[in-house]
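Comments concern the structure below.
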Protein chains: 2
Amino acid sequence: MTILGTPSFGDDADRGIPDATVARLPVYLRALNGLRDRGVVTCSSNELAELVGVNPAKLRKDLSHLGSYGTRGVGYEVEFLCHQIAREIGQTQDWNVVIVGVGHLGTALSSYQGFSSRGIRVAALVDADPARIGEVVSGIAISAVADLPALVAEHDVAIGVVATPGEAAQTAADSLVDAGITSILNFAPALVTVPDGVQVRQVDLSIELQILAYHEQRKTTHSAAEGVI
Amino acid sequence: MTILGTPSFGDDADRGIPDATVARLPVYLRALNGLRDRGVVTCSSNELAELVGVNPAKLRKDLSHLGSYGTRGVGYEVEFLCHQIAREIGQTQDWNVVIVGVGHLGTALSSYQGFSSRGIRVAALVDADPARIGEVVSGIAISAVADLPALVAEHDVAIGVVATPGEAAQTAADSLVDAGITSILNFAPALVTVPDGVQVRQVDLSIELQILAYHEQRKTTHSAAEGVI
DNA sequence: CGGATTTTGTTACGGCGTTCACAAGCTCGT
DNA sequence: ACGAGCTTGTGAACGCCGTAACAAAATCCG
C-alpha cells in the first residue's frame, strides 16, 4: 500500500512507482524470463539480486511497489512475478514505435535486439529525404514525413523516436507531435521543446563518454600531482 | 578518517565534482559554444539555464564547483567559461576511443556527430568476424580483435566502446581490458564484469523506451480507473 | 502441535541532489 | 561619488534513493 509521505494532492495525484524503480524493473524482468525459460519455478530476492547485480533489500523494496507478490519463507513465483512486472510496465502489449530519421543510428535502432525482446516493435520508419522513401531497412519500407499521421493512426503508435541529425531534431519532434504522438525519445544531440502533455526523454550518447573521459582525466592529473590510490 | 562508507579520497584537496554535475557540464558547454559562435560575450545564469532547460540555481551551483568564474551583476564570460568547462571535463585534448563490434550500432556510433563535436575521436574499429577485417566504415578500416593491444598503444586509447550483441559483450570487454583499456562504455544489452580499477558505464537503449511505455500505460489505465488513490 | 528456519515486507536512517532564499559584490546612471 | 539595480555564490531546508535492521508470516521437522 502506498502510505508514503507524498500528499497525493495538488499535482498529478499519486506519483506511482519511483522512476529509479521503473528503470530497474525491465532488468529484473529480463532475468526472470531467463529463469522461467530454464524451468525455475520460484526465486528468492537474494538469488535474483545476485543475478542482476543489485542489493537484495533494494530489489525487495522495488518489488513491494507492485504489491505483496512474494511468499515469506519461500520467495517469488517466477511465472507470476514475470506477469506482474510485465503488466506494471506495460509489456503485456507490444508497443509500436515510429523512428524518424533512417541514418546509421535509425538503422541500428530499427534492428536493436534489446527492443524486440522487450515488447517494443518498430512499426514504421520515416525520413525527410525523398530519395529514400520506399527503401526497405530491417524489413520496413521508409515512409515520408507527411504520412506520419496516417501511420500513427494505422499502427496505434504512442511513442516516437528521433534519430535525426541535431539540426533536424526539433522539426522531427514537431512532426511527431502533430501526428498525435505523446511520448518522444530523442537520440539527437540537441534538446527539443514540446507542448505540455507530451513526454520527452533525451538520450545523449556522448554524455556517457564525456563522464568516462572526466574520470580518466582525473586519474592522470591526480597521479601527476600526488600518487594517491 | 570517516567511519562510514567510502570516503572517496580524504581531503578537501579532492576537487571531485558530483557525478550529476559532471553529466550536465557537457550540455552547458555545448550551449556556450553555440553562444560564442553567435558572438555572445557574456551570459547570465538565467539565460543559460533557460537555454538548456535547468533550474538557474542548479546551474550556478554546478558552475561553482569549478571555481568562482562569474562576475556578480554581470554574468559569465562565455569564452572564458567554455575554456574552464572544457579543461575540467578533459575536452582540451581529443579522446581516442576504439569501438568493438561494427554492426549497425557500431557503424552508427562511428559516425555520430555528437562525438566529433565534443572532442571524441573514433581511432579504431574492431570486429570478431574475420570476413569484415579490412572493410572501411566511416573512413576507418576494421581491424581484428587480436590487434587491439597494438591499436591501443599506437593511438593512445583509454576508452573502449562495446557495441556487440549481448552474448559477445563480456568477451569484448575482456579483450579491451587485456589491451590496457581502463574505461568501457557498454551499449550491449547485457551487463559485464571487469577487474577493479576499470570503469564501466552501461547504456541500455531500451530502458528509456520502457520508461516511456510505463508512463503511457499509466495514462491509459488512469483515465480508465479514475479516482481511486 | 510447536519451535526452528527461511524469506518477505517495512521502517528507520544516512547521504546525495535539488530548490529556495538571501547576503555579497559588481556596474551604471545621476 | 553614491545609491539603485542586477547577478553570483552559498547556506539551509526538503525530498528522493539506497542500505541496514527487524518484525511478520510461511514452511519444515521432530
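Just so it is clear, the structure is predicted and the values come from calculations on it, not from any experiment. Below, read A as the first sequence line, B as the second, and so on, with proteins coming before strands; counting in each chain starts at 1.
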Exactly one of Val192(A), Leu185(A), Leu176(A) clears side-chain contact (heavy atoms from CB on, under 4.5 Å) with Val162(A), and that residue is Leu176(A)
Does atom CD of Glu50(A) have more than 12 heavy-atom neighbours from other groups under 6.0 Å away?
no
Taking every heavy atom of Gln210(A) against every heavy atom of Pro26(B), the minimum-distance pair comes out as CB-CG, 3.7 Å
State whether the number of non-hydrogen atoms from other residues, nucleotides or ligands found under 6.0 Å of His155(B) atom NE2 is greater than 12.
yes
For DNA chain D, find the residues of residues 68-84 of chain B with a heavy-atom distance under 4.0 Å and give them by number; none if there aren't any.
Ser68(B), Tyr69(B), Gly70(B), Thr71(B), Arg72(B), Gly73(B), Val74(B), Gly75(B), Tyr76(B)
Side-chain N,O (Ser45(B)) to OP1/OP2 (dT8(D)) below 4.0 Å:
yes
For residues Pro165(A) and Ala188(A), report the shortest heavy-atom separation together with the two atoms involved.
O-CB, 4.1 Å
Check each of Leu32(B), Asp62(B), Asn33(B) against Ile85(B) using the side-chain contact (heavy atoms from CB on, under 4.5 Å) test, and report the only one that passes.
Leu32(B)
Expected rows: protein N/O vs nucleotides 28-30 of chain C N/O, under 3.5 Å:
none

Which heavy atom of Ile17(B) sits nearest a heavy atom of Tyr214(A), and at what distance?
N-OH, 3.1 Å
Grab the CG-C1' distance between Asp19(B) and dC16(C) for me, whole Å please.
11 Å
At their closest point, which heavy atom of Gly90(B) faces which heavy atom of Trp95(B), and how far apart are they?
O-NE1, 2.5 Å
Might you list the N or O atoms of the protein lying below 3.5 Å from N or O atoms in nucleotides 18-22 of chain D, with each pair's distance?
| unit_1 | atom_1 | unit_2 | atom_2 | d |
| --- | --- | --- | --- | --- |
| dG18(D) | OP1 | Arg24(A) | NH1 | 3.0 |
| dG18(D) | OP2 | Arg24(A) | NH1 | 3.4 |
| dG18(D) | OP2 | Arg24(A) | NH2 | 3.0 |
| dG18(D) | O6 | Lys61(A) | NZ | 3.4 |
| dT19(D) | O4 | Lys61(A) | NZ | 3.0 |
| dA20(D) | OP2 | Asn55(A) | ND2 | 3.4 |

